[in-house]
Amino acid sequence: MPSRIVTLKLNGAERELIARPSTTLLDALRETFGLTGAKRGCAQGGCGSCTVLLDGRPVVSCLIPVVTVDGSTVDTIEGLADGDRLDDVQQAFVDHFATQCGFCTPGMIMSATALLDRKPDPTRQEVTEAICGNVCRCTGYEPIITAVLAAAEHRRGVPLASAEAEV
Amino acid sequence: MVISVQTPDSAEAAHAALQAGAVPLGGGTHLMTRLNDRAGGDLRLVSLRRAGLSGIGVDGATVTLGAATTLADLEDDARLSYLSGCVRSIASPPVRNLATVAGNLFVPQPYGDLAAALLALDAELDVLGAGGARREPLEQVVTGGLRADDLVTAVRFTAPAQSAFRFYKAARRRLNSGSIVTVAARITVEDGLVGDVRLVLGGLARRLVRATGAERVLLGAPLNAETVARAAEADAIEPVDDAYASAWYRARVYPVHLRRALLGA
Amino acid sequence: MARLTPIDNAYFDGERTGDFTVIGSAVQRSDARGHVTGRTVFFEDMSLPDMTHVKIHRSTRHHARINRVDVSGALEVPGVLRVITHEDVPNNWYVVLRLIGVGPDDEPVLAEDRVLYRGEPIVAVVAETEDAAREGAARVVVDYTDLPAVLDVEEALADGAPIIKQAGTNHFVYEGHHCRRVRFGDVERGFAEADRIIEGRYSSSPIEHAPTEPTGCIVVPQGDGRLRIHTNTQAAFFTLDNTALILGVPPTSLRVVGGTVGGGFGGKVDVIVEPLACIAAMLTGRPAKYVYSRAEEMQVSSTRAAERIVIKDGVMDDGRIVARKITLYVDAGAYSRHSPYGTTKAAAHMPGPYTIPNVHVDAYCVYTNRTPSSAMRGFGVTIGDFALESHMDRIARELGMDPLRLRLKNAYRDGDMKAHRKIASGTALVEVIQSAADLVGHDLPPEYRAMSSAERAEG
């Protein structure tokens, strides 16, 4: 099995790994780099738990042989927070109770992040479409959609609920 | 098990890999799901991601889609807005950022909604084969397939006249769901009568169906509920059972969805 | 903390006097930061350098005798370390309710001489990689003789049906009885007195929990000889006890690490993956991971049982239900798991939250050659409610009566004797229906508004 050295710009840093042909991007993130925020829920591209950003766009990392994306930029949930400071989308998910079991959350947040990067002022319908590939089996879509819209507002200057709730 | 993955940087190199027995990998949204879950013999893949097969060209009315263009790229291109409903009905954004135009032509039904649209638009394929480059009508490929070492490099079609393209997909959910019935049509109406029509059905049967019987009923007839109801009876379709719907259900609702596709209600 | 909604004490004035500071307020989830940063650790979020992988060869038949199992092909696959058969399982019984005295033992961990459902595990393959384990499992060859399969609960109980269970009946035996029974009053007399008889038949399909995180575990052998089990079980002590029973070791030699579940819904209370992963770890001396693929999760993880419920009611023209007879079938699938208990729950839930003077319930726990069913959110109750409330609507339609009034008329009140000889207390159905009617703007006449759970005006 010819393994290859693959280089990724991972959460802003150049990283290398030795990949077998069957190593997926998800395997590389989880097993080589220890970035286990992206989850394996189905390995079929159907649940979205493994969603990360590849060159800025959300993808299901379970379906990508990592050797085919050598040299690409990859961003994961682990790269969003600045130290202990959560980014807007993360904070909105906390504030609006948009998590339950937490398994879908990282993928959901990456899909939401990709949406807001492209469309800072999305409609509710656009949020729904953006997360339609991310399955939340705890059926928490309503608070998730609310959180994404709140994060969008915050990016446009409206304070988050958490700032108001400090009483 | 995957024992090698090549990432050639040209169509010629990719074609050479196919000739040497490798299997083409587009976005991986169909093939990788099989490889992730199922045992199988040794497999060599050739990825088309870097083979220079991506890109959208619009030259007058002629549209050329590179084989490895992603569905997301189509979605983003304002010049292809008539395809937007079709593309956005397929899977989800993280899948559409991987899935490719040519890949969609070869996925089994009830997937392949873009293929239905392209067939309705009477698309042609640019194919790199043993004898060099050639063109093949998509209609022929849908029924006859290609050789294992043929590489599709691009899809061409003539952009439909304004509002002449109809796409309608019925699914279990509004978003991210396989098709129960897909109707794709190129249709023009002059003085209330159907002037030109090309009608393709997806999701219903094992393969895409060109509904020639319905086309004959529609041609020259007034585009109304009565005509469409007759058109829905005009083809011998063998609907399939799957997890999305039963054959019975598909047969039962096809006339309804044909009506919605062509009349809007 | 901001109060979200006031607590409605209207109907229970004086009962609740505490100064609640948490109930009704928004309180930050303690696990939310971990979830949104990807730092919450699920069982699969650990990669151990020496980890092995377990994959299963499963039955391709609904019901068959196993003549021979050939594992030689699996052992030839590079990377395959061990093949586990039933002979490697110290106590080859998985019977989750044996802990509370429910038997008989009916489900092998790995199949021995027969399979009772498609997908039943026969051989486990342990390998260096997931690919190798999968390939090895695919190369196991099983020689079967097909036996007639029973796939429907009523067919399973019909005269002359093939008996699929070694205990000798296709139903669970409740203290010598063929079903779980409730007898109250005299339904036949109730039917004779009723103005009309209204019957209904209700069926449900099996329902899969489909947790986003598949069922799985990683077992790590410890320096002191113990096994550390990282699992997404919802029931750590079921895992501990059943695994110890199957391995024939004291529970103290196992340590279960859990608590983080990527969606369970009741589907992760069976103990299916842990015993085999433990055996793999014991045989190789290395960590072992056994996690379902999505296809396995859908096909072989326990479902909510399919049920069929037949209801016959004796009803007066004024809406009073005077007799209710129910025959209820729970499809346990091939093995018991939690279904004998679920069937008892189903029987205990009848005749619903209504006071009916004559009740007769036969609730059968039936075995078929389908995927074993087990726990899921309110199992034994949910489908029964679907049937009961569908039937209440049917009665309302037949009588031309408002469905809410029909329910109010029959609703149980505090002090009523229930069919199980328990006095009803703390009932609030009347008030809930009244509130619901208000919320949707549904008109109720004064005599229905005046009803109360605390007293029964009409006697």
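Numbered from 1 within each chain, the chains take letters A, B, ... in sequence-line order. Just the heavy atoms: all of them, side chains too, but no hydrogens, waters or symmetry mates, feed the values below.
In this structure, a donor-acceptor pair under 3.5 Å is absent between the side chains of B/Asn36 and B/Thr33. In this structure, a donor-acceptor pair under 3.5 Å is present between the side chains of B/Thr7 and A/Arg4.
The contact between A/Ala43 and chain B is made by backbone and side chain atoms together, counting heavy-atom distances below 4.5 Å. For B/Leu25, the part sitting under 4.5 Å from any heavy atom of chain A is the side chain, from C-beta outward, and nothing else. Of the two parts of A/Ser111, only the side chain, counted from C-beta on, holds a non-hydrogen atom closer than 4.5 Å to a non-hydrogen atom of chain B. Looking at A/Leu115, there are no atoms closer than 4.5 Å to chain B (heavy atoms on both sides), in backbone or side chain. Of the two parts of B/Arg173, neither the backbone nor the side chain holds a non-hydrogen atom closer than 4.5 Å to a non-hydrogen atom of chain A. If you measure heavy-atom distances from B/Arg88 to chain A, the contacts under 4.5 Å come from the side chain alone. Contacts between A/Val69 and chain B at a heavy-atom distance below 4.5 Å involve backbone atoms as well as side-chain atoms.
The shortest non-hydrogen separation linking B/Ala68 to B/Thr100 is O-CG2, 3.6 Å. Closest approach of A/Ser72 to B/Arg50, counting heavy atoms only: OG-NH2, 3.6 Å. Between B/Ile90 and B/Leu114, the shortest heavy-atom contact is CD1-N, 3.7 Å.
Aromatic pair B/Tyr111/B/His30: centroids not less than 6.0 angstrom apart.
Of all the listed residues (A/Thr24, A/Asp70, A/Thr128), the one sharing the greatest number of non-hydrogen pairs under 4.5 Å with chain B is A/Asp70. Most heavy-atom pairs under 4.5 Å with chain B: of the set A/Gly107, A/Gly45, A/Ala114, A/Pro65, this distinction falls to A/Pro65.
Side-chain N or O atoms of B/Asn176 include one that pairs as donor or acceptor with a backbone N or O of A/Cys132 at under 3.5 Å.
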